[in-house]
Amino acid sequence: MRYSQMLIPTTKETPAEAEVVSHQLLLRAGFIRKLTSGLYTYLPIGLMAMQKVENIVRQEMNRAGAQELLMPMVQPADLWQESGRWKNYGPELLRFKDRHDRDYCLGPTHEEVITDIARRELHSYRQLPINLYQIQTKFRDEIRPRFGLMRGREFVMKDAYSFDVSDEAAGESYKKMHEAYTRIFKRCGLEFRPVEADSGTIGGSFSHEFMVLADTGEDTLVICRECDYAANVEKAKVVLPKKGEQADQELLECIKVATPGMKKVDRVAEFLGVTPEEVIKTMIYLADGEPVAVLVRGDREVQSVKLKNLLNVTEVELADDDTVWKLTKLPVGYIGPVGIPIKLVADQEVMQMVNAVAGAGEKGHHLTGVNPDRDFTPVITSDLRQITVEDSCPLCNGSLELTEGIEVGHIFKLGTNYSEAMDATFQDKEGCQQPLVMGCYGIGVSRVVAAAIEQNHDPNGIIFPLPLAPFQVIVLNLGLKNEETTAAAEKMYLDLQAAGLDVLYDDRDERPGSKFKDADLLGIPYRVTVGKTWEKEGRVELCLRRSGETSTIDYDQASAEVAAMIQAELRSTENIG
RNA sequence: CGGAACGUGGCGCAGUCUGGUAGCGCACUUGACUGGGGGUCAAGUGGUCGGAGGUUCAAAUCCUCUCGUUCCGACCA
């Protein structure tokens, strides 16, 4: 492409609305423009970058044996009523009516539609396994869209759905997708980790998220330093150490002490001369509206996703002060497990505590010498707290580290949730009707572009990994007033293009400074400059965006040499795995 | 949903407190010079100050309502 003919509206200044670096750079480099909150136009060069991702995804999905199709974005409500999600998907599902007053929604995902296809078209075990995917715009009415392409309301997603004869076969399909995803993100040139994940509203039994490691990530991951274990903190299992010496401690009596005005664990602990580890924290949650008292050690935090899963509800929220008052006739701060008239659940760790401090269930008072089982008995005891770096790896007992990540892919073993709800069955070898065993697999294509930038940038702009770069090489003509130089630059452009490269030719009547700055901002990995060095020595300059490394090459060899370098680098990414 | 901030040419902002002819930088147009890291000079184009209502002789500025955008939070007792 000739730069002079392409719409690439770069800006010198950072738009005020952009907070994170990928959003800032996508705007500054002329990749996207906002229409309204969470909705973006992909300008030509932004679309090119996204199509690079799409192509890699498409190639790897096809290689894994999946077939591409395309489903409607508008979906009828009755399908969602069948699956039960019309009720429980929540306000992220944008619903509306057509002129006949029939209910529809914009697809945030396509399990219902694909299951409908499956029950109509898949009838025999002979047709299985099969994996169908699409690359399509999704709409989710996010509470709070932010960070540009990282959390938009409308975004481009690759979603795939597998159908198998058995749970075991579905496991194979899942494994294939795990491998395909690993190849995809490697080929994109991203630093990422697959982690164990919660399966969320999609449902299902087992899932992994693919996380691009970046500080601006919205998720926190825990990674083992010694083995391959990695998990989202929402999921990461806390392993309890064996009971220590406190197990043999003599149990003291419960004694009520006055702790006026002391609502926070730290204050109470300090006042009573104990550590927060010796305090039991009691929290009132509303689980789908039902009150539940949750116990964790004073220095711990409840992991609400774990709580949600334990209680098998769609939403948990911490009760506000008024609700707490209504339920317990207590101000927040003095609630305790002893004699509490609310369903009680406890983190497993609490059950090991001996002679603990807890709220007395009386304003301005706490109890000392509180002991589980003797003084209170939870209905359920489970792993409910957030993992910390002090915990050890659930697999190898090794030490853990926490890191931030951006979720770019998520794979789920769905089982028969949808096929049973929607009656999608096939006939097995014995002639029996069986529910299809499903898996679903998503990649946030537009988010991959943002994540790549989050991970690859410097103060001058984007640094695209070669496989994702909208252009692989930019040719700068710095001798626009000189016909010979211009002819040489033009020929360089055409030669590189003829070598099969994606080339941007900067033929604009701009000063050199602007051309350099724009080339850097756009993040094009290779830059070839035709200018003074060509006029004097017959050589062109080659500059690598990532390292800044510059060298000169004889003009006659340059196009072949640059093409060879780029092709070699691309091959090295494609041969992964 | 709760809290906060902001809305003034395409972008970034000043002006609002203390009402009195709408300004600056960038971008854009024309010309000249310049030509290797966002150049200089000169002359220009472009804004009913988010919208509605009110107060006033007079409103970007004060008051009320409204719309939009962004950020933070969503409660650890």
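Note on naming: letters A, B, ... go to the chains in the order of the sequence lines (proteins, then strands), and numbering restarts at 1 for each one. Note that the structure is a prediction, hence the values are computed from the model and not measured.
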Asks: Excluding sequence neighbours, so at least two apart, what forms side-chain hydrogen bond (donor to acceptor under 3.5 Å, both in side chains) with A:Thr486?
Replies: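 Checked A:Thr486 against side-chain hydrogen bond (donor to acceptor under 3.5 Å, both in side chains); matches are A:Asn477.
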Asks: Whole Å only: how far is the CZ atom of A:Arg153 from the P atom of B:U69?
Replies: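 In whole Å, B:U69 P lies 7 Å from A:Arg153 CZ.
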Asks: When rounded to the nearest Å, what value does the distance between P atoms of B:U40 and B:G35 take?
Replies: 14 Å
Asks: Whole angstroms only, please: what is the NZ-C1' distance between A:Lys263 and B:C76?
Replies: 14 Å
Asks: Between A:Arg300 and A:Leu478, name the one whose nearest nucleotide on RNA chain B is closer to the 5' end.
Replies: A:Leu478
Asks: Under 3.5 Å between N/O atoms: give me all the protein pairs with nucleotides 8-14 of chain B, atom names plus distance.
Replies:
unit_1, atom_1, unit_2, atom_2, d
B:G12, OP1, A:Ala16, N, 3.2
B:G12, O2', A:Glu13, OE2, 3.4

Asks: Take atom C1' in B:G39 and the same atom in B:G50, then report the distance between them in whole Å.
Replies: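 Approximately 37 Å lies between the C1' atom of B:G39 and that of B:G50.
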Asks: Collect all protein-nucleotide pairs involving nucleotides 39-44 of chain B in which both atoms are nitrogen or oxygen and the distance is under 3.5 Å.
Replies:
unit_1, atom_1, unit_2, atom_2, d
B:G39, N9, A:Arg511, NE, 3.4
B:G39, N7, A:Arg511, NE, 3.4

Asks: Could you tell me how far B:G37 sits from B:C41 if I compare only their C1' atoms? Round to whole Å.
Replies: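 Going atom to atom, C1' in each nucleotide, I get 22 Å.
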Asks: Over how many whole Å does the gap from A:Asp509 atom CG to B:A27 atom P extend?
Replies: 14 Å
Asks: Expressed in angstrom and rounded to an integer, what is the separation of A:Asp322 atom CG from B:C75 atom P?
Replies: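 To the nearest whole Å, that distance equals 16 Å.
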Asks: How far does the C1' atom of B:C49 sit from the matching atom of B:A60, given to the nearest Å?
Replies: 5 Å
Asks: Of the listed nucleotides (B:G36, B:C75, B:U70), which one gets closest to any side-chain atom of A:Lys34?
Replies: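 Of all the options, the side chain of A:Lys34 is nearest to B:U70.
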Asks: What residues form a side-chain hydrogen bond (donor to acceptor under 3.5 Å, both in side chains) with A:Trp80, not counting sequence neighbours?
Replies: A:Gln75
Asks: Using the C1' atom in both, what is the distance from B:U66 to B:G38, to the nearest Å?
Replies: 42 Å
Asks: Would you mind classifying the nucleic acid contact of A:Val294 as base, sugar-phosphate or nothing, using non-hydrogen atoms under 4.0 angstrom?
Replies: nothing
Asks: Can A:Arg2 be said to sit on top of A:Tyr505's aromatic six-ring, NZ or CZ under 6.0 Å from centre and within 45° of the ring axis?
Replies: no
Asks: Name the closest nucleotide to the A:Phe516 side chain, picking from B:C75, B:G38, B:G36.
Replies: B:G36
Asks: If we take the P atom in both B:C17 and B:C11, what is their distance in whole Å?
Replies: 26 Å
Asks: Measuring only between side-chain heavy atoms, which start at C-beta, is A:Thr550 closer than 4.5 Å to A:Leu542?
Replies: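 Not in contact.
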Asks: Assign each of A:His23 and A:Glu301 to its nearest nucleotide of RNA chain B by heavy atoms, then name whichever residue's nucleotide is nearer the 5' end.
Replies: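 Closest to the 5' end, via its nearest nucleotide, is A:His23.
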Asks: Among B:G35, B:G36, B:A74, find the nucleotide with the atom closest to the side chain of A:Lys481.
Replies: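 When the side chain of A:Lys481 is considered, B:G35 is the closest of B:G35, B:G36, B:A74.
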Asks: Once ring-ring contact (aromatic ring centres under 6.0 Å, His included) is applied, do any residues pair with A:Phe464, and if so which ones, sequence neighbours excluded?
Replies: A:Phe31
Asks: From the options B:C71, B:G37, B:G38, select the nucleotide whose nearest atom is closest to the side chain of A:Asp520.
Replies: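 Ranking B:C71, B:G37, B:G38 by closest atom to the A:Asp520 side chain puts B:G37 first.
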Asks: Using a heavy-atom cut-off of under 4.0 Å over every strand shown, decide if A:Glu317 touches base, sugar-phosphate, or nothing.
Replies: nothing
Asks: Can a side chain N or O of A:Thr36 be found less than 4.0 Å away from OP1 or OP2 on B:U69?
Replies: yes
Asks: Is there a side-chain contact between A:Lys515 and the phosphate of B:G38, meaning an N or O under 4.0 Å from OP1 or OP2?
Replies: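 A:Lys515 to B:G38 OP1/OP2: no side-chain N or O under 4.0 Å.
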Asks: Which nucleotide in the set B:C1, B:C75, B:G38 lies at the smallest distance from any side-chain heavy atom of A:Leu521?
Replies: B:G38
Asks: Do A:Thr533 and A:Glu541 get their side chains close enough for a donor-acceptor pair, meaning under 3.5 Å?
Replies: yes
Asks: Do any of residues 532-544 of chain A sit with a heavy atom less than 4.0 Å from RNA chain B, and if so which?
Replies: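 Residues of residues 532-544 of chain A under 4.0 Å from RNA chain B: A:Lys532, A:Thr533, A:Glu541.
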Asks: Expressed as a whole number of angstroms, how long is the span from A:Leu480:CG to B:G36:P?
Replies: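 Going from A:Leu480 (CG) to B:G36 (P), I get 13 Å.
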Asks: Using the C1' atom as the point on both nucleotides, what is the distance between B:C71 and B:C28, in whole Å?
Replies: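 Here B:C28 and B:C71 have their C1' atoms 32 Å from each other.
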Asks: Would the distance check show the side chain of A:Arg153 and the main-chain N or O of A:Ser37 forming a donor-acceptor pair, the cut-off being under 3.5 Å?
Replies: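 Such a contact is found between A:Arg153 side chain and A:Ser37 backbone.
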Asks: List in chain and number order the residues that pass salt bridge (charged side-chain N to carboxylate O under 4.0 Å, His left out) with A:Lys138, two or more places apart in sequence or in another chain; answer none if no residue qualifies.
Replies: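 Per chain and number, A:Lys138 pairs via salt bridge (charged side-chain N to carboxylate O under 4.0 Å, His left out) with A:Asp159.
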Asks: Would a line drawn from the ring center of A:Tyr334 to the ring center of A:His365 be shorter than 6.0 Å?
Replies: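 That pair fails the under 6.0 Å test.
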Asks: Whole-Å distance between B:U70 P and A:Arg146 CZ?
Replies: 11 Å
Asks: Can you tell me the distance, in whole Å, between the CZ atom of A:Arg508 and the C1' atom of B:G35?
Replies: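 Answer to the nearest Å: 15 Å.
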Asks: Listed by chain and number, what are the side-chain contact (heavy atoms from CB on, under 4.5 Å) partners of A:Pro276, not counting sequence neighbours?
Replies: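 Here the qualifying residues are A:Val265, A:Asp266, A:Ala269, A:Asp299.
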Asks: With sugar-phosphate meaning primed atoms plus P, OP1 and OP2, does A:Ser37 contact a base, only sugar-phosphate, or nothing at under 4.0 Å between heavy atoms?
Replies: sugar-phosphate
Asks: Of all residues at least two apart in sequence or in a different chain, which pass the side-chain hydrogen bond (donor to acceptor under 3.5 Å, both in side chains) check with A:Lys256?
Replies: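 Per chain and number, A:Lys256 pairs via side-chain hydrogen bond (donor to acceptor under 3.5 Å, both in side chains) with A:Glu362.
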Asks: Can you pull out every side chain to side chain donor-acceptor pair (under 3.5 Å) where at least one residue sits in residues 23-32 of chain A? Sequence neighbours excluded, please.
Replies: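 For residues 23-32 of chain A: A:His23-A:Tyr40.
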Asks: Which whole-number value in Å describes the distance from A:Lys306 NZ to B:C76 P?
Replies: 19 Å
Asks: Go through the structure and list residues passing side-chain hydrogen bond (donor to acceptor under 3.5 Å, both in side chains) with A:Gln348, not counting sequence neighbours.
Replies: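 Result, side-chain hydrogen bond (donor to acceptor under 3.5 Å, both in side chains) vs A:Gln348: none returned.
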Asks: Taking B:C76 as the reference, what is the distance to B:C6 when you measure between their P atoms (whole Å, please)?
Replies: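 Those two atoms are separated by 28 Å.
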Asks: Look at all strands and tell whether A:Arg33 reaches a base, only sugar-phosphate, or nothing, counting heavy atoms closer than 4.0 Å.
Replies: nothing
Asks: So, does the side chain of A:Asn460 form a donor-acceptor pair with the base of B:G37 at under 3.5 Å?
Replies: no
Asks: Is there any side chain to side chain donor-acceptor pair (under 3.5 Å) pair reaching into residues 375-386 of chain A, and which pairs are they, with sequence neighbours excluded?
Replies: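 Only A:Gln303-A:Gln386, A:Lys306-A:Asp383, A:Glu349-A:Arg385, A:Arg385-A:Asp391 qualify under side chain to side chain donor-acceptor pair (under 3.5 Å).
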Asks: Would you classify A:Asp320 as touching base, sugar-phosphate or nothing, given that sugar-phosphate means primed atoms plus P, OP1 and OP2, and contacts are heavy atoms under 4.0 Å?
Replies: nothing
